[in-house]
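The following block contains the structure, expressed as structure tokens.
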Amino acid sequence: MAIPKVMGIETEYGISGPGNAEFNPVLASSLLINGYAGSLRRIRWDYEQESPLRDARGFEPLQEREAAEEDLGLANVILPNGARYYVDHAHPEYSTPECATPRDLVIHDKAGERILEASIALADDVLPPGERINIYKNNTDGKGNSYGTHENYLVDRATPFARIVRDLMPFFVSRQVFTGAGKLGVEGNRSEEDRPVYQLSQRADFFEAEVGLETTLKRPIINTRDEPHADPEKYRRLHVIIGDANMSEVATFLKVGTTAIVLKMIEDEFLPELSLENPVAALHTISWDPALRSTVRLADGRTLTAVELQWEYLDHAKKYVKEHDATATNADVLSRWESTLTSLEEDPMALKEQLDWVAKLALLEAYRERDGLDWDDHKLALVALQYHDVRRDKGLYYRLVRSGKVERLVTDAEVDEAVNRPPDDTRAYFRGHCIRRFPDNITAASWDSIIFDTGQEALQRVPMREPLRGTREHVESLFEEAGDAGRLVELLRA
């Protein structure tokens with residue numbers, strides 16, 4: 001039986017300093033994070049047990065350890081909501097705490113936007129006059145550079161990785177019909193006369209391989225990083241790099257909710273053979289066709305549109321959920337999945353209140369009609385970028401929210417609470433509450449452990465290798481009984 005799908009999202013945010021010729025994105029990212037984190041900066045990220053080069057195909061390249069953020073003096077903090085907020089290369093990155101449901105993940109993904117927005121406001125107070133920092137939740141700078149939005153899912157170690165690749169590849173290639181964030185133009189190789197002016201996905205152009213370990217060059221559709229951040233004998237963490245950064249709550253809900261169900265079907269061997277003849281070419285073909293009419297060829301010779309391929313997955317998901325996993329959460333995912341595919345077949349533009357790529361396309365068409373703009377007008381590029389601005393008083397997505405033209409799945413109150421509080425039902429609860437209650441007694445932390453300094457001769461490492469342990473149900477009474485960090489450690493080891 002498939003294991004529960006604990007999940008999270010890591011988002012590298014786009015960053016710019018308009019009008020500042022000396023703008024340094026690394027320093028600006030550190031300014032954002034350090035300003036927001038305050039005294040929490042003293043708690044270091046624990047790299048000791050990390051292994052980013054371990055490959056799910058069974059090997060680990062022998063390379064010298066690259067300089068980590070701590071070596072370079074870059075910001076890297078753990079927040080009281082259980083999230084990680086740090087500098088990744090030249091971007092501020094926010095990794096949500098572990099979540100047990102797609103709706104909770106939508107809430108905590110949105111909390112990341114609020115944290116970036118607050119960081120901008122704090123940075124404005126210390127920047128020189130005339131300087132500012134802009135943050136965008138997108139995936140490309142329009143100059144050939146892409147930055148990622150990575151999903152992570154807890155997967156049963158017993159499931160052969162080759163089966164995951166086989167059954168997940170067609171799903172990832174075709175799910176962009178509802179996960180795509182929309183993009184003006186193309187940054188991949190295609191003749192000028194055949195280039196679409198608008199496409200579904202911001203990330204598709206940057207993928208060149210089917211399977212591999214890379215995340216920045218020759219990006220693969222299926223990433224093979226095998227770094228579980230949990231008990232490695234029982235679990236693997238599926239590191240997904242193919243998704244777009246979504247502003248839409250509906251798109252995020254669909255992205256993680258459908259993927260979680262598909263992974264369960266893979267673990268329980270519930271899916272038929274749906275392999276594509278050429279997955280990379282199919283990925284580009286689908287993204288480059290917002291009319292959704294193009295077909296891709298399966299290995300068995302059939303040709304299907306992306307929507308038809310998604311129907312194949314949905315039809316099996318309905319049977320699977322009914323027979324094996326009939327929860328209210330799964331019912332919500334299936335209902336939304338079905339209504340979305342139906343609308344994509346009948347009239348994609350009817351989803352402008354639900355999906356990012358449709359909302360952005362409708363917005364661009366409105367500006368084109370109002371101002372008589374050609375598709376290559378730089379004003380449209382600015383509109384497309386401004387859709388992703390995380391500031392609620394500036395971003396065009398949030399203008400649509402204010403005017404009631406975007407469907408919401410969660411409330412502002414839930415998002416505001418998630419800025420400071422972790423989910424109750426994963427180990428993030430324990431991590432977040434330790435950070436909140438005992439910050440002066442924590443020297444380092446990571447996803448799967450916390451290192452306490454309780455005044456004893458040796459530091460005390462508390463392992464957290466089970467993502468569904470350390471929940472509110474498990475440890476709330478311990479927090480109530482423990483008056484200090486030393487007593488908490490004693491109780492945990494009793």
Side-chain angles (χ1 to χ4, degrees), residues 5 7-10 56 102 139 146 148-153 155 159 161-181 183 188 199-215 218-225 236-246 251-267 270-289 292 294 296-299 304-314 316-317 333 337 340-341 344 355-357:
K5 290 290 158 274
M7 48 197 151
I9 296 177
E10 312 162 15
N139 297 110
S146 181
T149 300
H150 300 168
E151 304 147 58
N152 297 282
Y153 301 87
V155 179
T159 302
F161 193 74
R163 190 197 307 155
I164 294 174
V165 172
R166 184 197 70 188
D167 291 345
L168 205 52
M169 185 83 69
F171 176 74
F172 279 167
V173 168
S174 58
R175 72 172 188 170
Q176 60 185 306
V177 294
F178 51 77
T179 66
K183 178 180 177 181
Q199 61 173 308
L200 305 183
S201 170
Q202 296 205 342
R203 288 281 276 172
D205 286 345
F206 299 94
F207 284 75
E208 305 174 60
E210 294 180 20
V211 181
L213 187 61
E214 293 287 346
T215 59
K218 293 190 71 67
R219 294 177 180 90
I221 296 170
I222 304 289
N223 185 260
T224 59
R225 179 181 293 181
R236 72 169 77 247
R237 174 180 60 109
L238 184 69
H239 188 57
V240 178
I241 69 171
I242 189 67
D244 282 11
N246 292 113
T252 299
F253 179 81
L254 278 170
K255 177 168 65 178
V256 298
T258 59
T259 303
I261 293 175
V262 170
L263 285 170
K264 286 187 175 183
M265 289 195 289
I266 292 172
E267 290 180 9
F270 203 82
L271 287 169
E273 176 75 45
L274 293 169
S275 297
L276 293 164
E277 185 176 83
N278 189 330
V280 175
L283 180 76
H284 298 157
T285 295
I286 292 168
S287 182
W288 291 337
D289 178 32
L292 307 182
S294 295
V296 295
R297 183 175 295 277
L298 275 61
L304 299 175
T305 67
V307 175
E308 288 170 340
L309 190 48
Q310 280 293 310
W311 276 115
E312 293 275 341
Y313 279 96
L314 175 57
H316 286 88
V333 172
W337 196 356
T340 299
L341 295 183
L344 287 172
L355 303 183
D356 281 313
W357 76 263

- Rounded to the nearest 0.5 Å, how far does CG of L254 lie from CG of L341?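 Here the rounded value is 8.5 Å.
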- Heavy-atom check, side chain of D167 versus side chain of L274, under 4.5 Å: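 No - every pair of side-chain heavy atoms lies 4.5 Å or more apart.
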- Message: Which heavy atom of P220 sits nearest to which heavy atom of F207, and what is that distance?
- Response: O-CE2, 3.1 Å
- Query: Measuring from D356:CG to S201:OG, what's the distance to the nearest 0.5 Å?
  - Reply: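 Separation between the atoms: 11.0 Å.
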- Message: Quick check: do N223 and V240 have side-chain heavy atoms less than 4.5 Å from each other?
- Response: no
- Considering residues at least two apart in sequence or located in another chain, which fulfil the side chain to side chain donor-acceptor pair (under 3.5 Å) criterion with H150? H239
- Mind checking salt bridge (charged side-chain N to carboxylate O under 4.0 Å, His left out) for R237 and listing every partner two or more places apart, or none if nothing turns up? E10, E227
- Message: Test of understanding: with side-chain contact (heavy atoms from CB on, under 4.5 Å), list the residues that count as partners of A282, not counting sequence neighbours.
- Response: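 For A282 the side-chain contact (heavy atoms from CB on, under 4.5 Å) partners, ignoring immediate neighbours, are V173, L276, V296.
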- Nearest-0.5 Å distance that lies between atom CG in N152 and atom NZ in K5: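 Answer rounded to 0.5 Å: 13.0 Å.
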- Close side-chain approach of L292 to L200, heavy-atom, < 4.5 Å: yes
- From I266 atom CD1 to I261 atom CD1, the distance as rounded to the nearest 0.5 Å: 12.5 Å
- Non-hydrogen side-chain atoms of V333 and P102 separated by less than 4.5 Å: yes
- Audit row: Q176, D244, side-chain contact (heavy atoms from CB on, under 4.5 Å) steps and yes/no: CA-CA 8 Å; Q176 60 185 306; D244 282 11; over 6 Å; no
- Can you find a pair of side-chain heavy atoms, one from R219 and one from R203, that are under 4.5 Å apart? yes
- Item | D205 bridged to K183 by N-O distance under 4.0 Å | yes
- Query: Is there side-chain contact between V256 and Y153, with heavy atoms separated by less than 4.5 Å?
  - Reply: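 Answer yes - side chains close enough.
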- Message: Are the side chains of H316 and V262 in contact, using a 4.5 Å heavy-atom criterion?
- Response: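 They are not in side-chain contact.
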- Query: Where do I9 and T252 land on the side-chain contact (heavy atoms from CB on, under 4.5 Å) test, with the steps shown first?
  - Reply: CA-CA 10 Å; I9 296 177; T252 299; 3.9 Å; yes
- Consider only side-chain N and O atoms of W337 and Q310, and report whether a donor and an acceptor are under 3.5 Å apart. yes
- Item | Counterpart residues, side-chain contact (heavy atoms from CB on, under 4.5 Å), relative to E210 (two or more places apart) |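 Here the qualifying residues are M169, P279, V280.
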- Task: Using side chain to side chain donor-acceptor pair (under 3.5 Å) as the criterion, list what pairs up with T149, not counting sequence neighbours.
- Result: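 In terms of side chain to side chain donor-acceptor pair (under 3.5 Å), with neighbours along the sequence ignored, T149 is linked to N139.
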- Task: Assess the side chains of S287 and Q199: does a donor N or O sit below 3.5 Å from an acceptor N or O?
- Result: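 Yes, a side-chain donor-acceptor pair sits under 3.5 Å.
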- Item | Partners meeting side chain to side chain donor-acceptor pair (under 3.5 Å) with E208 (sequence neighbours left out) | none
- Report the residues that fulfil side-chain contact (heavy atoms from CB on, under 4.5 Å) with T305, sequence neighbours left out, ordered by chain and then residue number.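 Scan of T305 (side-chain contact (heavy atoms from CB on, under 4.5 Å), adjacent residues dropped) gives T295, V307, E308.
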- Item | All side-chain contact (heavy atoms from CB on, under 4.5 Å) counterparts of R297, not counting sequence neighbours | E277, T303
- Query: Residues two or more places apart in sequence or in another chain: which of them pass side chain to side chain donor-acceptor pair (under 3.5 Å) with R175?
  - Reply: E151, T259
- Message: Does any part of the side chain of I221, heavy atoms only, come nearer than 4.5 Å to the side chain of V211, both counted from C-beta?
- Response: no
- Query: Given T179 and F172, is the side-chain contact (heavy atoms from CB on, under 4.5 Å) satisfied, shown in steps?
  - Reply: CA-CA 10 Å; T179 66; F172 279 167; over 6 Å; no
- Query: Can you name the ring pair (Phe, Tyr, Trp, His ring centres under 6.0 Å) partners of Y313, sequence neighbours left out?
  - Reply: F171
- How many angstroms lie between OG1 in T159 and CG in L263, if you round to the nearest 0.5 Å?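 CG of L263 is found 9.0 Å from OG1 of T159.
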- Message: Using 0.5 Å steps for rounding, measure from the CZ atom of F161 to the CG atom of L238.
- Response: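 F161 atom CZ to L238 atom CG measures 6.5 Å (nearest 0.5 Å).
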- Could you list all the salt bridge (Lys or Arg N to Asp or Glu O under 4.0 Å) pairs where at least one residue sits in residues 253-264, not counting sequence neighbours?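 Salt bridge (Lys or Arg N to Asp or Glu O under 4.0 Å) check on residues 253-264 returns K264-D325.
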- Message: Using only atom types and a distance under 3.5 Å, with no angle test, would you say the side chain of T224 pairs donor to acceptor with the backbone of G212?
- Response: yes
